[in-house]
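Since the structure is predicted, the reported quantities are computational estimates derived from the model, not experimental observations. By convention here, the first residue in the shown sequence is residue 1.
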Amino acid sequence: MVWKPVPEEAEYYSIPSPADKYSALGQILFKNKADPTWGRQDLPRWPDEILLRSQYGHRDGKIVTSGAVSKEKEWVTYQVWEPPAAADKGADLVMIHGINDFGGKWSAHCRGFLDAGYRIISPDLPSHGRSTGIHVDLPEMDVLPTAVYKVLVDVLKTDAASGPVKQKRKIFLAGASLGGFVAVMTCLKYGSSSASDLPPEGELVPEISGGLFLCPMLAIASDSRPHWSVELLARAIASFAGSLPLAAANKGNNSEDPTCEEQFFQDPGTYHGKLRVGTGLAILRAIDNLNREMSHLTVPFALFHGTGDRVTSYKGSEKLYKEASSTDKKLFLYEGYEHILVRVGKDEKDDYRRQRVLGDMLQWLNDH
């Protein structure tokens, strides 16, 4: 079955992906100083983003993070989607996207949270979306929680306008896959002082009230981990070819519905290539490091994972649930669910799984 967009979205999906215009060698040897997003910032918004922005208040943010990956000018972009004023709970939900994706994709899933009164903050992680960097070229994972933290600080400063900067809203972090991993890392570094090794932004340290971790990248499933020979080759060439696409990784393992990936690979805003050498090795290092730090996690959290996940093993979520020091924690295991827990269904019956997960997330938030 070949996925085809509805007619009103066909123009968006006909746009070539900017990343596909550049050769791997060209990205290794040259910097795109004219446009450090390599064309991604000029793409139109995803159709569901456009619809959401027409229905809810919103604003766009951009923070300069020069030096996070290189000495070139760098930035991270984000969106803020406002709940109806009458429903506003005074709480923010930061929704962090997965690898190869971009923050606007959460627009398909956040209406229930907005209508329930939660303000949504959706960043584009470094090297993703409208943020700078070669597409999904991440030689160090620490830049990801740092970027989320800087977004939180920028939102607080913008909320304060010209007055004193003071946190007035609860902050919850949610993320799926790589985003789930980043949410855990951010909660560890900024929500659990015993594990924090990153300097605060002046005197301002946003207080995190809890985390919702969907299929977090805490353990790689055997179906998606590259063969040991590929890892050996990657380590041998990482010093001079870290940006080289090399491993298939999770391709073909994300969902029981093949049209999910067909749609993904037609989207000009997503990364369609193989996992880059430096990114893959950084992921493995970061998972090892995070597994050593799990016991330091103290913020309230909920884990959501499918037992049929062929990308990130639910065993990693079980381990975090067991080892974290948090006294308020919950593990939701969904029998047979695959990696994309919030796959949009083709009809109401097919959408049941997504609605179940989103409902569990919202209930946990409302209880906190």
Q) Which heavy-atom pair separates Ile287 from Leu218 by the least distance, and what is that distance? A) CG2-O, 3.2 Å
Q) Is it the case that Asp267 and Gln263 place a side-chain donor and acceptor less than 3.5 Å from each other? A) no
**Q.** side chain to side chain contact (heavy atoms under 4.5 Å, CB included) partner of Ser131, the single match among Ile63, Leu125, Val76
**A.** Val76
(Q) Quick check for you: to the nearest 0.5 Å, what is the distance between Asp309 atom CG and Leu341 atom CG? (A) 7.0 Å
(Q) Side chains of Asp137 and Ser243: any donor to acceptor distance under 3.5 Å? (A) yes
Q) Crowded around Glu335 CD? As in, over 12 foreign heavy atoms under 6.0 Å? A) no
Q: State, without any angle test, whether His339 and Arg310 hold a side-chain donor-acceptor pair at a distance under 3.5 Å.
A: no
Q.
Quick check for you: to the nearest 0.5 Å, what is the distance between Arg40 atom CZ and Thr132 atom OG1?
A. 8.0 Å
Q.
If I take atom OH from residue Tyr12 and atom CG from residue Leu43, how far apart are they, to the nearest 0.5 angstrom?
A. 6.5 Å
Q: Kindly compute the distance separating CG (Leu358) from CG (Asp351), expressed to the nearest 0.5 Å.
A: 8.0 Å
Q: Establish, from distance only, whether the side-chain atoms of His296 and Thr298 form a donor-acceptor pair under 3.5 Å.
A: no
Q: Ignoring hydrogens and angles, state whether a donor on the side chain of Asp35 or Thr37 is under 3.5 Å from an acceptor on the partner side chain.
A: yes
Q) Rounded to the nearest 0.5 Å, how far apart are OG of Ser17 and CD of Gln266? A) 12.0 Å
Q) Going through the distances and angles, do Asp159 and Arg119 end up as a salt bridge (charged side-chain N to carboxylate O under 4.0 Å, His left out)? A) CA-CA 12 Å; Asp159 285 349; Arg119 183 172 69 169; 2.8 Å; yes
(Q) Under 6.0 Å between ring centres: does that hold for Phe213 and Phe304? (A) no
Q) Do any N or O atoms from the side chain of Thr279 and from the backbone of Leu275 form a donor-acceptor pair under 3.5 angstrom? A) no
Q. When you measure from the centre of the six-membered ring of Tyr78, is the NZ or CZ of Lys62 under 6.0 Å away and within 45° of the axis?
A. no
Q: Say whether Asn100 and Thr270, considering side chains only, have a donor N or O and an acceptor N or O under 3.5 Å apart.
A: no
**Q.** Heavy atoms from other residues, nucleotides or ligands near CD of Gln355 exceed 12 (cutoff 6.0 Å)
**A.** yes
Q | Between Tyr13 and Trp46: side-chain donor-acceptor atoms closer than 3.5 Å | A | yes
Q. Is it true that atom NZ of Lys319 has more than 12 heavy atoms of other residues, nucleotides or ligands lying nearer than 6.0 Å?
A. yes
Q: Over 60° means perpendicular and under 30° means parallel, so classify the ring planes of Tyr334 and Tyr337, tilted if in between.
A: parallel
(Q) Under the salt bridge (charged side-chain N to carboxylate O under 4.0 Å, His left out) definition, can you give me all pairs with a residue in residues 106-115, not counting sequence neighbours? (A) Asp48-Arg111
Q: For the residue pair Tyr149 and Tyr190, categorise the inter-ring angle as parallel (less than 30°), tilted (30 to 60°) or perpendicular (more than 60°).
A: parallel
Q) For Glu11, does the CD atom sit with more than 12 other heavy atoms under 6.0 Å from it, leaving out its own atoms? A) no
Q | Parallel, tilted or perpendicular: rings of His97 and His128 (30°, 60°) | A | tilted
Q) Do you know which of Glu261, Glu338, Glu256 makes salt bridge (Lys or Arg N to Asp or Glu O under 4.0 Å) with Arg343? A) Glu256
Q) Are side-chain N/O atoms of Thr259 and Asp257 paired as donor and acceptor at under 3.5 Å? A) yes
Q: Enter the distance from Asp92:CG to Tyr118:OH here, rounded to the nearest 0.5 Å.
A: 11.0 Å
**Q.** Verdict with reasoning, Arg53 to Asp60, per salt bridge (charged side-chain N to carboxylate O under 4.0 Å, His left out)
**A.** CA-CA 11 Å; Arg53 288 160 67 98; Asp60 300 324; 2.8 Å; yes
